[in-house]
S.K.: 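Sending over a structure as structure tokens; questions will come in a sec.
In what follows, every chain begins at residue 1, and chains take the letters A, B, ... in the order their sequences are listed.
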There are 2 protein chains.
Amino acid sequence: MDAALTLFAERGYLGTSMRDIASQLGMRAPSLYNHLESKQELLQDIMLRTMENLVADHQMAVATTNDVAEQLRRAMEAHVRYHARHPREVRIGNAEIWNLEQPAQDRVRKLRRDYARSWQDVINRGVDEGRFQTPSPQLASYAMLEMGIGISLWYHEGGRLSESQLAYYYGDMALRLVSAESG
Amino acid sequence: MDAALTLFAERGYLGTSMRDIASQLGMRAPSLYNHLESKQELLQDIMLRTMENLVADHQMAVATTNDVAEQLRRAMEAHVRYHARHPREVRIGNAEIWNLEQPAQDRVRKLRRDYARSWQDVINRGVDEGRFQTPSPQLASYAMLEMGIGISLWYHEGGRLSESQLAYYYGDMALRLVSAESG
DNA sequence: GGGACGTCTGAACGGTCGTTCGCCAAGGGA
DNA sequence: TCCCTTGGCGAACGACCGTTCAGACGTCCC
């Protein structure tokens, strides 16, 4: 539900009441229960869908080439584009894991772990092939993941930089981080 | 208050009740009001103190040298060390701005802006001196700031990397990001 | 026309929240 | 000994929370 996305992103899960969401839709709170089970279900749907889409975009991006430097660039571009396009989802995803009840919380954590591991695999392969150079592939991957997250906080569509410029610059920075020649 | 720090960091400001905090101290909630004005006062104290200390550490680090590459390295090291040493404060600082009432919220935002601007100044100077190379000094500064924030989420003292190793590696990555020769 | 269905609603539920109040025990200065 | 301060406490406050429920309305098929 779009209204919930906006409100959760702005005020947080606990800071948003069912009455708030309903009022955004011109209804009263009880009416919501004709369309959903509970507030928690809303959060779980949002977070699971968000992580699954992110991972899907990532895998698609990595699969489009065999050149490891190009893989890293495209992974970063997909990462950045996703964060620029879905800032509300990402903000919720990063802030509200603790408010997710089990077993959904563990499912999201597993998706995150898989995502991080896939990044490390790319970097490790680059190091093995002698294309990348870094003191710690793990730290490099963490840094790259984090770099994208901030985008969801300040990027908005009409800004100085287009989404494509943003993606290109961040892809560039990812390659610099491991001292790679740009693809 | 140390108990509030831990609880706010774990469950969030809205997810923590005065009864929770009191119970962590072996008291009942009303007793807390002998020592503080309100729950909001707790949050404001934590966040203002945190940002002021971070800025102070940063300015101290940058002032210790005139070489711009070394300034960038030391700024990143101070940034990383602060996030590794004060994970609870940083987590709260990043998650709870929206729960800060005015005028404290604007004060914190201003401190953040000043901090970010100081990073951009260093990078811009490096570019002007021909020591750094980057398509966008602003994006580079955002990326560096973000890189540190994640540390507060996963670093703990007994981990595989010591705080000093962490600081060194991240300083290294900051210089790589702007393609600078290490100091 | 009539009943079944989907949807919105006011009222209300039990619970938790931040905070206030009046009371009580302990301790120290006179 | 008396008094005053300090700090902790049970009870209680009004507000708000997520959710339930019985009813009211409209729309469709028969």
Side-chain angles (χ1 to χ4, degrees), chain A residues 1-50 88-89 91-108, chain B residues 1-50 88-89 91-108:
Chain A
M1 193 77 84
D2 194 69
L5 261 178
T6 302
L7 289 171
F8 285 174
E10 272 176 14
R11 322 184 191 173
Y13 178 70
L14 293 174
T16 303
S17 73
M18 295 304 269
R19 287 160 177 89
D20 291 336
I21 300 174
S23 128
Q24 187 100 344
L25 271 63
M27 320 176 154
R28 308 284 174 265
S31 311
L32 296 175
Y33 289 83
N34 288 316
H35 309 277
L36 47 85
E37 276 299 317
S38 68
K39 188 187 178 187
Q40 174 72 205
E41 185 206 53
L42 260 179
L43 183 61
Q44 298 192 2
D45 286 354
I46 290 173
M47 294 195 60
L48 283 171
R49 197 168 42 81
T50 296
R88 297 174 302 173
E89 287 87 336
R91 242 177 327 207
I92 296 170
N94 284 310
E96 312 290 358
I97 327 183
W98 306 97
N99 295 126
L100 259 193
E101 290 170 9
Q102 297 293 10
Q105 184 179 135
D106 278 344
R107 283 206 51 200
V108 171
Chain B
M1 189 79 82
D2 195 69
L5 262 179
T6 302
L7 289 171
F8 285 173
E10 271 177 14
R11 322 183 191 174
Y13 177 69
L14 293 173
T16 303
S17 73
M18 295 303 269
R19 288 160 176 90
D20 291 335
I21 299 173
S23 127
Q24 186 101 344
L25 272 62
M27 324 177 152
R28 308 284 175 264
S31 311
L32 295 175
Y33 289 82
N34 288 317
H35 309 276
L36 48 84
E37 277 296 317
S38 69
K39 188 186 178 188
Q40 175 72 205
E41 184 206 55
L42 260 178
L43 182 62
Q44 298 192 2
D45 285 355
I46 290 173
M47 294 194 61
L48 282 171
R49 198 167 43 80
T50 296
R88 296 175 302 172
E89 286 87 337
R91 248 187 311 217
I92 297 170
N94 284 310
E96 312 290 357
I97 328 182
W98 306 95
N99 295 127
L100 259 194
E101 292 171 9
Q102 299 291 12
Q105 183 179 137
D106 277 345
R107 283 207 51 201
V108 171

S.K.: Round to a whole Å and report the spacing from CD of Glu37(A) to P of dT20(D).
M.R.: 8 Å
S.K.: Please determine, for the side chain of Met27(B), which listed nucleotide (dC9(D), dC8(C), dT19(D)) has the closest atom?
M.R.: dC9(D)
S.K.: Short question: side chain of Tyr13(B), backbone of Ala95(B) - any donor-acceptor pair under 3.5 Å?
M.R.: no
S.K.: With distance as the sole test, does Gln40(B) use its side chain to make a donor-acceptor pair with the main-chain N or O of Glu101(B) at under 3.5 Å?
M.R.: yes
S.K.: Does Glu96(A) reach the main-chain N or O of Leu43(A) with its side chain, forming a donor-acceptor pair under 3.5 Å?
M.R.: no
S.K.: Any N or O donor-acceptor pair under 3.5 Å from the base of dG6(C) to the side chain of Asn34(A)?
M.R.: no
S.K.: Measure the distance from CG on Leu36(A) to C1' on dC8(C) and round it to the nearest whole Å.
M.R.: 14 Å
S.K.: Check every atom of dC9(D), dG18(C), dA11(C) against the side chain of Tyr33(B) and return the nucleotide holding the closest atom.
M.R.: dG18(C)
S.K.: Regarding Asp20(A) and Ser23(A), is there a side-chain donor-to-acceptor distance under 3.5 Å anywhere?
M.R.: no
S.K.: Does His35(A) have a side-chain nitrogen or oxygen under 4.0 Å from the phosphate oxygens OP1 or OP2 of dC8(C)?
M.R.: yes
S.K.: To the nearest angstrom, how far is Arg28(B) atom CZ from dC24(C) atom C1'?
M.R.: 15 Å
S.K.: So does Arg19(B) get a side-chain nitrogen or oxygen closer than 4.0 Å to the phosphate oxygens (OP1/OP2) of dT16(C)?
M.R.: no
S.K.: Take the protein atom CG of Leu32(A) and the nucleotide atom P of dG18(D), then report the distance between them rounded to whole Å.
M.R.: 10 Å
S.K.: Hey, is the main chain of Ile97(B) close enough, under 3.5 Å, to the side chain of Gln105(B) for a donor-acceptor pair?
M.R.: yes
S.K.: Which whole-number value in Å describes the distance from Leu43(A) CG to dG18(D) P?
M.R.: 12 Å
S.K.: Would you say a side-chain N or O of Ser31(B) is under 4.0 Å from OP1 or OP2 of dC9(D)?
M.R.: yes
S.K.: Measure the distance from OH on Tyr13(A) to P on dG18(D) and round it to the nearest whole Å.
M.R.: 8 Å
S.K.: Could you give the CD1-to-P distance, from Ile21(B) to dG18(C), as a whole number of Å?
M.R.: 8 Å
S.K.: CE of Met18(B) versus C1' of dG8(D): gap in Å, rounded?
M.R.: 15 Å
S.K.: Is there a side-chain contact between Ser17(A) and the phosphate of dC16(D), meaning an N or O under 4.0 Å from OP1 or OP2?
M.R.: no
